[in-house]
Amino acid sequence: MRRTRVLTAVLALAAGLLAGGPPALAAGAPEPAGTLAADTYTWKNARIDGGGFVPGIVFNRTEKDLAYARTDIGGAYRWQEATKTWTPLLDSVGWDDWGHTGVVSLASDSVDPDRVYAAVGTYTNDWDPKNGAVLRSTDRGATWRKAALPFKLGGNMPGRGMGERLAVDPHRNSVLYLGAPSGKGLWRSTDSGASWSQVANFPNVGNYAQDPGDTTGYASDNQGIVWVTFDESTGTPGSATKTVYVGVADKENAVYRSTDAGATWQRLAGQPTGHLAHKGVLDAENGHLYLAYSDTGGPYDGGKGRLYRYATATGTWTDISPVAEADTYYGFSGLTVDRQNPGTVMATAYSSWWPDTQIFRSTDSGATWSKAWDYTSYPNRENRYTMDVSSVPWLTWGANPSPPEQTPKLGWMTEALEIDPFDSDRMMYGTGATIYGSENLTNWDTGAKFTVTPMVRGLEETAVNDLASPPSGAPLISALGDVGGFRHTDLTKVPPMMFTQPNFTSTTSLDFAESNPDTVVRSGNLDSGPHIAFSTDNGANWFAGTDPSGVSGGGTVAAAADGSRFVWSPQGAGVHHTTGFGTSWSASSGIPAGAVVESDRVDPKTFYGFKSGKFYVSTDGGATFTASSATGLPGGDSVRFKALPGAKGDVWLAGGASDGAYGLWHSTDAGATFTKLANVDEADAVGFGKAAPGASYQTVFTSAKIDGVRGIFRSTDRGASWTRVNDDAHQWGWTGAAITGDPRVYGRVYVATNGRGVVYGDTSDTGGGTGPGPDPEPTGACAVTYKVTNQWSDGFQADVRLTNTGSAAWNGWSLAWSFTDGQRISQLWNASHTQSGATVTARNTDWNGTVAAGSSVAFGFTAAKSAANTAPTAFRLGEKACTVS
C-alpha cells in the first residue's frame, strides 16, 4: 500500500463527507424516516482479492481456526476455515461514521471467543471530523455495539502497523486496555468495553512523531501508546492479570510494566534506547518478552532495527538481532512466537522495500536465526520458499525485474506476522497488497521448501476512484488507488493483471467511447512517466499517450462518443484536447484548470465541464468551452456528473456540501438549464443502467440521502420516485466516488467504496429483466443441521450445515425454511438470502455452489427475535424435503 491511500480519504472529505445518514452499529439506532421504498438486493464484491495494506492479524488463543484481520481503511474481517475465506465485519458502518472503517487495533477474547473488539477511526487530524470508538461484539463481529471515545484514532496514520494497541485481560476478560495516540495516554475498560477511562497514573504518553514540522497534522501527531501485552502466567481465572507490559512511542523510554494489575507502572530497567518498540510478544512458558525495534514508526519508513529478548524473571536484556545493526537498512516489526513450540520465534524486516522483504526464523529463542532467502553470489539468491500466486496472478505486477529482485515479491510493509497458535505449520502475514501464508511452514526447519500462497480471498481492500460498465465487452472496468485498476470479464474471478503499460500508482479517471466501447482512456498518477493511456480493445491492452507540459497528476479525462477525440483535465496543467490518441495536445479555452470533464454520449464533438459552481459546454470537440448561464448549482468542487447514453444533451449532476447547495440536478438541454430534484436531499454520485422492463428511460442510480436516509438508490422513472437498494448491513462507509449501473443487466449496480473494493448488487425484483436466474434445483437427498450458537435478549446467531446425502454432485443449491416466532435475519454470510414474511431462502454464492456427494456446505446468520426462538423443523432443497437434525 502506498501513501496515495491517504489522499483518497482527503479527496473524500472534499467531496461532502460531513453529511450523512443514521449509523447502523449500535442497538437502538433510529428508524428511517418516511415510507421510502426498498428492494432486496444481493451484494457481492467484484473479485480482486486484497489490494491494500493489512497491518494486523489476530488469532484467538483458545479456539482453533478463529482469526481476524484489520485493514487501515477497509474495515475488519473474520477468517472462515471451512472455505479458507475472509468475511467482512464492518460493512454496516454508515456515511456519517465513514472514519470507523479504519481499524487501528483488534482484540479477540480468549476467555469468551464469541467476543471481539475493534478500535476504529481513520485519522487523528482534521481529515476525519469524528472521534474514534471501540466497537464490541458478542457474536464474532456479526453485530456491534459502540463505545465513543473522547479522542481520535488513526487506522491510516503513521505507526499503524505497531501494536496491538487493544488487549483483553486473559483471566478477567471484562478488563481491556487501549493505547491512544496524540498524547492521550493509556485507557482501560472494566465493563467489557462499554465504557473507558484514562489510566491516570500511567507515566508516559509518548513523544515520537514522524515529522513534527508537518502542518497538516498527519505526520506530526504523537504516535502515543502502541501496544499492550499481558503475562498470562501472573493471573488466575476471574482475577485481573498482575503483570502487564506497555509499549510507548518514545525512543528513550519504550517499555513499561505493571506487576499489580495496573495500580502502578515502572519503566523497564536496562532497556535499549534509540529505537521504537513496534511489537512486544510474550512467551510466558519460557519467561521471554520479545521486542521488535525500528528507528521510525513505519509503515513506509525504517532504516535501522534490532530484536531483543527480555527475561521476565531476571530482568536480563539480550540482543538477539539476526544481523548486526550496521548491516540493517530496515526496521523490525512483524513478530510472532510458535505457541506449540515457544522457542520458535519469527520476525520481519518490514521496511525492506528492495530487493524484497525479509523474514527471519529462530528455533532456539533467538540464539541463532535463518532467513527466508539469502544471497548465493550477489545478485543471485536462494529462497527457502516457493511462491504460488496463481489464485491472485496480478501480484506479480506484470514485472520482469533484474536480480536480486524477483516477482512476485515476498512482500513489503510486512508488519503483521502470526503463527497459528494451534498449528505450527500455518503462518499468515500481511503486506502492502495482500495476506500471504503457508500451511507447511515447518519445512523451513528440515531444509525442504515451504510454500507461500495468498490467503486473502474475501478480503477486498481497494479504494475506488472511478467505474465504467460499457454496453459491450467487459462488464466492468475500474480505476483504483494503489493498484491502478482492472478489467473484469467475469465478476466472480480475479483478473489476471491490473492495467499495465503504463502501470499507474493510482488511476484517477477513466472513460470509454459510448458508440465504440473498444476505445477506452484512463488517466492517473505516476512518479515518473506518462499520466494517460489508451486502449483499442476494451481495456485488454494499453499504450501510453504523451503528456502536455506541466502535468503532475491524472485528473479527469473524457472520450468522445465515437472515440475520435479526447478531453483531459490533468493536475498541474489546464484542460487540453486532442484528436487521435494523445500524441499531441492543444490547450482548451474558456474553461478553468482543474475542471471535471465528461463527454456527451451521442454527439462526438460535445464535451462538458464543471468548476466552482459553473457548468461549461464545448461543441467543437473541446477546443473552446462556454460557461452555461445555469444557476443554483453547487458552489464548490465536490461534484460528479454524467451524460445519459442515447440522449444528446441529457446530463445529471450530483454534489454539493451541507453548508450550501447540495443534491441532484437534471438537464435536458446540454447544461443550458438545470432542474434540482426536490425529492433528493443530498447526492454525491450518479450513474445509469439498463432500463426497467417496459420503461423507455434508463435506470438512474445514485449514492444519496433521500427522505432522510443515506444509501444507494434506484429510479426507473427519471427520478420521480426512488427505491433504496442497499440496507443498514451494507453501507461501506463512504460511497461518493463513483456509481454506475450495468447497461446489460437490469437492476445491477456497481458501487465505489473507499477501502472495500467494488461492490455490486443484483435485485430480487427482476421485473422480467435479465437479473438473477431461477433457483437451482439439485437432485438427490439432503440433510440439514441447524444450531443456535449464541443468543441474547433481542437476537441470536445460528449456523446451518447442508449435506448432500445423494449420489450426484450439486451445481447450485437453494435452501428454504420458515420461522414460527417472527425471527428476522439481519446478516447472513457464506450465502445470499431473501426473506419474505416468515420464509427464508438461502442460495449458494459464486464459490460454494458445487457440493459433491457426501460433502457439506455451511453458512451462518444473525437475526432479531422476540421472547421465543423456536428452531425451524422443515427445510426444503428446491422442492425436496431434507432430513433435519
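Note that this is a predicted model, so its numbers are computed, not measured. Numbering of residues begins at 1 and proceeds along the displayed sequence.
- Taking a cutoff of 4.0 Å between a charged side-chain nitrogen and a carboxylate oxygen, Arg361 and Asp445 qualify as a salt bridge.
- Between the side chains of Thr368 and Asp364, a donor-acceptor pair is found at a separation under 3.5 Å.
- With hydrogens and angles left out, the side-chain atoms of Ser182 and Asp221 include a donor and acceptor closer than 3.5 Å.
- In this structure, Phe53 and Ile73 have side chains that are not in contact, with every pair of non-hydrogen atoms separated by 4.5 Å or more.
- Looking at Thr87 and Gln80, their side chains do bring a donor and an acceptor atom within 3.5 Å of each other.
- Minimum interatomic distance between Thr122 and Met157 (heavy atoms only, all atoms of both residues): O-CG, 3.8 Å.
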* Start with the C-alpha gap between Arg160 and Glu415, add the side-chain angles, then the distance that decides, and say whether side-chain contact (heavy atoms from CB on, under 4.5 Å) holds. => CA-CA 9 Å; Arg160 58 191 177 274; Glu415 296 209 73; 5.8 Å; no
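- By the 6.0 Å contact criterion, CG on Asn380 is enclosed, its count of non-hydrogen atoms from other residues, nucleotides or ligands being greater than 12.
- Between Glu164 and Leu166, every side-chain heavy-atom pair lies at or beyond the 4.5 Å cut-off.
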* Test side-chain contact (heavy atoms from CB on, under 4.5 Å) on Met413 and Trp353 and set out the steps. => CA-CA 8 Å; Met413 296 166 59; Trp353 289 78; 3.7 Å; yes
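- For Asn45 (side chain) and Val758 (main-chain N/O), a donor-acceptor pair under 3.5 Å exists by modelled atom type.
- Within 6.0 Å of CD on Glu382 lie no more than 12 heavy atoms contributed by other residues, nucleotides or ligands.
- Judged purely by atom type and a 3.5 angstrom limit, Asp211 has no side-chain atom pairing as donor or acceptor with the backbone of Ala219.
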* Can you list the steps and then say if Thr396 with Val389 is a side-chain contact (heavy atoms from CB on, under 4.5 Å)? -> CA-CA 8 Å; Thr396 66; Val389 298; 3.9 Å; yes
* Would you check, one step at a time, whether the test side-chain contact (heavy atoms from CB on, under 4.5 Å) holds for Val323 with Tyr330? => CA-CA 11 Å; Val323 296; Tyr330 46 77; 3.4 Å; yes
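- There is no side-chain donor-acceptor pair under 3.5 Å between Thr357 and Tyr350.
- In this structure the side chain of Ser365 reaches within 4.5 angstrom of the side chain of Tyr290, judged on heavy atoms.
- Taking the side chain as every heavy atom from C-beta outward, Val494 and Ser391 never approach each other to under 4.5 Å.
- The distance from atom CE of Met497 to atom CH2 of Trp394, rounded to the nearest 0.5 Å, is 9.5 Å.
- Looking only at side-chain heavy atoms (C-beta outward), Trp354 and Pro404 come within less than 4.5 Å of each other.
- For the pair Lys84 (side chain) and Met455 (backbone), a donor-acceptor distance under 3.5 Å is absent.
- Scanning all heavy atoms of the two residues, the minimum distance from Leu335 to Val281 falls at O-CG2, 3.6 Å.
- Side-chain atoms of Gln271 do not come within 3.5 Å of backbone N or O of Asn253 as any donor-acceptor pair.
- There is no side-chain donor-acceptor pair under 3.5 Å between Asn443 and Arg384.
- Residues Asp482 and Thr462 fail the side-chain proximity criterion, which asks for heavy atoms closer than 4.5 Å.
- Classified by interplanar angle (parallel below 30°, tilted 30° to 60°, perpendicular above 60°), the ring pair Tyr436/Tyr429 is tilted.
- A side-chain donor from one of Arg306 and Ser321 sits under 3.5 Å from a side-chain acceptor of the other.
- Side-chain contact annotation: Asp231 with Thr229, donor-acceptor N/O pair under 3.5 Å absent.
- Residues Phe450 and Ser438 share a closest heavy-atom pair of CD1-OG, 3.7 Å.
- The shortest distance between side-chain heavy atoms of Tyr123 and Lys152 does not fall below 4.5 Å.
- A donor and an acceptor atom, one from each side chain of Thr344 and Asp338, are nowhere located under 3.5 Å apart.
- The aromatic ring centres of Tyr293 and Tyr308 sit less than 6.0 Å apart.
- Using a 4.5 Å heavy-atom threshold, the side chains of Glu461 and Ile48 count as separate.
- Applying the 6.0 Å contact sphere to CD of Gln501 captures no more than 12 heavy atoms from other residues, nucleotides or ligands.
- If you check the side chains of Ser333 and Lys279, you find a donor sitting under 3.5 Å from an acceptor.
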